[in-house]
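Here is the structure we will look at.
Naming: A, B, ... by sequence-line order, numbering from 1 per chain. Values below: all heavy atoms of this structure, side chains included; hydrogens, waters and symmetry mates excluded.
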Amino acid sequence: MNRTTSLVLVIIAGILGTIFSFWFGLNNHLLPEQASMQAPLVDDLFNVMVVIGTALFILTEGLIVYSMIRFRQPPGDETDGADIEGNLPLEIVWTAIPAVIVIGIGVYSVEVYEDMGGLHLASPPGHMHVQQPESPGTEMAGMDSAAMAAMPPGSAMAATMSADMAKAAPVIPLPEAKEQIASSYYGIGNRLSDEADEIDLTVNVTGMQFAWLFEYPDLGITVGELHLPVGRRVRLQMKAVDVIHSFWVPQFRLKQDVIPGEETRLQFVATLPGTYPVFCAELCGSYHGSMRTQTIVHSDEDYAEWVKTSQVAAKPSKVPMTVAQLSDEEYLAPYAQEIGLNAETLPKPSTRSF
Amino acid sequence: MTQTNPRVIAQPTPPPPEIEEVPSYRMWKWYDYFTFNVDHKLIGIQYIVMGFIFYLVGGAMAIAMRTELRTPDPDFVDPSLYNALLTNHGTVMIFLWVIPTTIGGFGNYFIPLMIGARDMAFPKLNALAFWLNPPAALLLAVSFIYGGAQAGWTSYPPLSEITAPQAQVLWVAALILIGTSSIMGSLNFLVTIWKMRVPSLPLLKMPLFCWSIIAAAVIALIGTPPLTIGLLLLTFDILFGTSFYKPDAGGTVVLYQHLFWFYSHPAVYLMVLPVFGVMSEVIPVYARKPIFGYTAIAYSSLAISFVGLFVWVHHMFTSGTAPWMRMFFTVSTLLVAIPTGVKIFSWVATLWQGKIRYTSAMLFAVGLLSMFVFGGITGVTLAAVPFDLHVHDSYYIVGHFHYVLFGGSVFGIYAGVYHWFPKMTGRFLDERLGKIHFVMTFFGTHLTFLPMHNLGLSGMPRRIAMYDPQFQALNQLCTWGAYLLALSIVPFYFNVIYSWIKGKRSSGNPWNALTLEWTTDSPPMIENWEVLPVVTTGPYDYGKDRQEEVRQTD
Ligand SMILES: [Cu+2]
C-alpha cells in the first residue's frame, strides 16, 4: 500500500469517525426526558461532551486495534521493533489538544452552571443557617414562621394564590427564549438569595429515613408527593431530620444534598406536565433504595384542583402554627398514611441505638 | 553481538540446572512466608498473596450484591447486610486488594531489584508495615458480628455515627492500621529510591515503575494523615460523645467530607499510578520498542499526583459547596486529564511500529489501555459540574470508576502477574489458560460495567438494595456480567497454583527484558545479586544496536 492510498484511507476514516461522533452525540437518547428549564442546558453540555468523547474514543481505540493487528510479531521474527524514543512535536500536539479541549469544556461548564443559577451571590450567612432545633417538629415549625415572616405581604397568600395564579403571576418563558431567563429564576445550592419576590411557590422539603415530606407553607398542605404547577418558579427549601439525603429528579437534571443542620435550596421551573420519580441519592440507611416518591407536574387548572382537594383534606388544626407543641410522632402521624410510612420502612431501633 | 540477539546476561554463577534441584544458595521455606521476615521479596509475595485472597473476599461480596440486584425487591440479603456488603466490598477492594498488591506487592518485590539494591532502606519497618494488614482484616471480619459498617466506604456522618456504631469503630480502627502501614511503606519507598540506587543508575534512567511508585508514595504521605484525623474525629463522636460532625451540637457534617476526600480522591490515583508503572514495564518488552516519551511519562506521574491533591471537592458538588469551589474544582479535575492523556498516547505510540508479542501480560496491558480510554473519557464528563449534578451518586459513577479500577487497576495487576511470575517463582504461567482468562475478563468487564452507565444516566441511584422496576433489564445484564467475571478467575487461580508447583522452569530473563530485575536468577537469591549489576543500557533500549550489555563487575 503506497503513501497516497493510506493517506486517502486515513482521511476517509477520519471523516466517517467525525460524522459518527456527531450523529451519536446528537442522537444518543441516553438521558431521560427533559422536564425542567435546566434540563436542556445540561443535555446540550452532555451532548457536546459525547461528541468529543466519541471522537476521542474512536481515534484512540482505532489506533490501538490497528497497531495490535498491523504491528504484531511476524512469525519467526525475534528481532526488535523500530528504535523510536519520542517525537517532541507529536508530544506537544497530544498535550496541547486535550488541554484545549478540557479548557473548552471547563469554560462551557461554567457558563451552563451560571445559566442554571449555580453562581448566585451568597446572602449573609445568618439567613442561611437555621437555628438548630431541639426536635424535628419544632425545627419545621420554626422554619415555617420564619419563612412566612420573610414573605412580602400579599405576595403569596395561601388561598388566593392558586385561584389567582393564572392571571396574576406572569407566565415564565419556556426554554425557547433562553436568553431572557434571569438566572434568579432558578438555582442550586444553599447560598441562593433570600429574596422571595421572584418565586411563585415555595415548598419546604423534609428528608428523613426513609421518606420525603413536602410542606406548602402558604397553602397549609403537607403531603408525601411533590405537586407542582407547570411553568412556575418553584423554590424547594430542604432540610434533613436525621442523616444526609439527596433530592434527585432525573427528569429535572437536578440534585441537591439535604443536610442536617443546614438548609439547602433548589430553584427551578418544571416545563412538562407529567409524573416523575423522586429518588434519594445519598446513602441514608438500610431502606435507602425505597426512599423514593414522585413529583407530579400539573397544568394550572389541575394544580388549582389539587390544591382545593388537598386543603379540604387537611384539618385546619394541623396548620404549622401549633406544631411546636407536638412531639415528632404526633406531628407526623397525619401524614404517615399519605406518604406510605409503615413499620417496615421506618428505621429499625436496633440499628440506631448504641 | 547482533541486534537479533537481544541480550545475554552474564552470570557470575553457572546457570541453574534444568533438573528440579534445590539451588546452591539458601532459599526461603514455605513457613518463612508466615513469619516476620525482613526480605523485601518475601514481603512482596506476602502482600500479593494476601491481596489475591482478599480479592476473592471482596469479589464474593460483589457477587452477593449483584445477585440481590437481579430483582427490584430486596429478596436475597437483608438490606442492612446489603449495606454492610457494599461498604466492605469497597473497603476490601481498595485497602486489602489493589493498594497492597500493587504498591506493597509489586513495589516491595521490584523496586530494590530495579534499582540494584539488596533490600529496602528500612527492612524491619517494611515487615512491620505488612504485618499491620492482617489485624486490620481481622477487625473488619469481627465488625460483622456487630452487623458490619453500613455507611459506605465513604462513611459520611451522621449516618455512620448512628448506624451499627460498634462495627463502624472497628472499621475505623482497621483503616487507621492500614493507613499507618501505608505511611511506613511510602516513606520506605522514597528513601530507598533516593538513596539506594546503584551508582550507575541516575533518576532519569530508572524504570518508569519506580517513578510511579514515587508519585504514589507522595500521595499516601500527604493524604493519609488528614484521613486519619477525619476518622479519629468520627470515632470520638461515636465513643466519647464529642460533636465534631453533629449539627445539633454545633458540628458540621461537611467537614468530614473534606477530610475524607482530601485523601480519598488522590487514593484513586494511588490505586492507578502503580499500575501505570506496570504498563510502562510491560508494553515495551512485548512491543520490543523503547517506551515512547520516557520523560513525559515520568513527569506526568508527578503531575497527576500533584494536581490530584487539588480535586477532592468534585465529590461534593451536591453537598452545598460554595459556587467558587465548584468552579475551581471543575477546572482542576479537568486538568488531570492532560497528564493522563499524555500517558495513554505514549503507550499507544509505543505499540506503533513494534513487533508485538501476544503474551497474556501484553493482552492485559492493551486491555487496560482500551478500558482506561473509556473510563478516562467518562471521568472528564464528571468534572463538568452541571452534568455531575445529574449523575452524582448514580450508577454512572459506579460504572465509571469500575472501568478505571477494574479495567485499570485489576487488569494492570493481572498484566504484572503474567509478566513477573517467572521472576518471582522461577516458573512460567500457562499461556493458553492466560488467554482464556483474558477473554473472559475482557467481556465480563464490559458486560458488567457498561450497562451501569445507562442505568445512572436514566436515573438509578447507587448503593441501593431495592430499585425502581424500570431498571430491571439492565441490572440483570450487569448481574450476568458479574457471574462471568466470577467464573473468569477460575482459570487464573488454577493456573497460578498449578504453575507455581509444576510450571515450566524459567531462566533469569525469559522475556529478554532490559531492566535490572532480569539480571539475576529467577527467583532471585536472598540479597538479590552476588555482585551488584552495573547499568550500561537504558531500561527500554529495545531496537538499538546494543554494543554494551549490562555486565556485572567483578
Ligand atoms: Cu435518603
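Per-residue counts of heavy-atom pairs under 4.5 Å with chain B were compared for A:P277, A:A39, A:A99, A:A96; the largest is that of A:A99. Interface check for chain B: of the options A:D77, A:L63, A:I105, the most heavy-atom pairs under 4.5 Å are formed by A:D77. For the set A:L30, A:L88, A:V112, A:V50, the entry with the most heavy-atom pairs within less than 4.5 Å of chain B is A:L30. Each of B:G152, B:A337, B:P158 has some count of heavy-atom pairs under 4.5 Å with chain A, and the biggest count is that of B:P158.
Shown here for B:P461 and A:A281, the closest heavy-atom pair between the two residues is CB-CA, 4.3 Å. Residues A:A82 and B:P290 come closest through the heavy atom pair O-CD, 3.5 Å. A:G261 and B:P247 get closest at one heavy-atom pair: CA-CB, 3.7 Å. When every heavy atom of A:L283 is checked against every heavy atom of B:A151, the shortest pair comes out as CD2-C, 3.4 Å. The heavy-atom pair separating B:M466 from A:S286 by the smallest distance is CE-O, 4.1 Å.
The CD1 atom of A:I64 sits 3.5 Å away from atom CG of B:L369, with the distance rounded to the nearest 0.5 Å. With rounding to the nearest 0.5 angstrom, the CG atom of A:L56 is 13.0 Å from the CZ atom of B:F374. B:S458 OG to A:Q251 CD: the interatomic distance, rounded to the nearest 0.5 Å, is 9.0 Å. Here the straight-line distance linking atom CD of A:Q73 with atom CE of B:M362 works out to 11.0 Å at 0.5 Å rounding. Rounding to the nearest 0.5 Å places CZ of B:R463 at 11.5 Å from SG of A:C284. Rounded to the nearest 0.5 angstrom, B:Q353 CD and A:D83 CG are separated by 11.0 Å.
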Inset, instruction - Please assess A:T95 against B:I338 for the test side chain to side chain contact (heavy atoms under 4.5 Å, CB included), listing each intermediate value before the final yes or no. - result: CA-CA 6 Å; A:T95 311; B:I338 300 169; 3.7 Å; yes
Legend entry - Verdict with supporting geometry, B:W352 and A:R70, side chain to side chain contact (heavy atoms under 4.5 Å, CB included): CA-CA 9 Å; B:W352 195 263; A:R70 171 74 179 74; over 6 Å; no
Legend entry - Derivation of the side chain to side chain contact (heavy atoms under 4.5 Å, CB included) call for A:D80 and B:K289: CA-CA 6 Å; A:D80 287 353; B:K289 265 193 64 194; over 6 Å; no
Inset, instruction - Apply the test side chain to side chain contact (heavy atoms under 4.5 Å, CB included) to residues B:I464 and A:F279: give CA-CA distance (whole Å), side-chain angles for both, the deciding distance (0.1 Å), then the verdict. - result: CA-CA 11 Å; B:I464 54 178; A:F279 295 111; over 6 Å; no
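Both the backbone and the side chain of A:R253 come within contact range of chain B, judged by heavy atoms closer than 4.5 Å. Using a 4.5 Å cut-off between heavy atoms, A:L90 touches chain B through its side chain atoms alone. For B:D468, the parts lying under 4.5 angstrom from a heavy atom of chain A are both the backbone and the side chain. Heavy-atom distances place no part of B:Y82 under 4.5 Å from chain A, backbone and side chain included. Of the atoms belonging to A:D43, not a single heavy atom falls under 4.5 Å from chain B. A:I84 touches chain B through backbone and side chain together, each having a heavy atom under 4.5 Å away. Interface remark: B:I344 contributes side-chain atoms only to the contact with chain A (heavy atom separation under 4.5 Å). If you measure heavy-atom distances from B:I377 to chain A, the contacts under 4.5 Å come from the side chain alone. Heavy atoms closer than 4.5 Å to chain A are found in the backbone of B:P157, but not in its side chain. Interface residue A:E85: backbone and side-chain heavy atoms are both found under 4.5 Å from chain B.
Residues A:W94 and B:S346 meet the side-chain proximity criterion, which asks for heavy atoms closer than 4.5 Å. Side-chain contact between B:L159 and A:I244 is absent, with no heavy-atom pair separated by less than 4.5 Å. The shortest side-chain heavy-atom distance between A:P98 and B:F345 falls under the 4.5 Å cut-off. Put simply, the side chain of B:V342 does not reach to within 4.5 Å of the side chain of A:E91, judged on heavy atoms. No side-chain heavy atom of B:L389 sits less than 4.5 Å from a side-chain heavy atom of A:V42. Using a 4.5 Å heavy-atom cutoff, the side chains of A:F71 and B:K355 are not in contact. Side chains of B:V373 and A:F57 form a contact here, defined as non-hydrogen atoms less than 4.5 Å apart. Counting heavy atoms from C-beta on, the side chains of B:D393 and A:S246 never come closer than 4.5 Å.
In this structure, B:Y358 contributes its side chain and A:M68 its backbone to a donor-acceptor pair below 3.5 Å.
The aromatic ring centroids of A:W248 and B:H390 lie less than 6.0 Å from each other.
With hydrogens and angles left out, the side-chain atoms of B:T330 and A:S109 include no donor and acceptor closer than 3.5 Å.
For A:E78 and B:R357, the salt-bridge test passes: some basic side-chain N is under 4.0 Å from an acidic carboxylate O.
No more than 12 heavy atoms of other residues, nucleotides or ligands sit less than 6.0 Å from atom OH of B:Y299.
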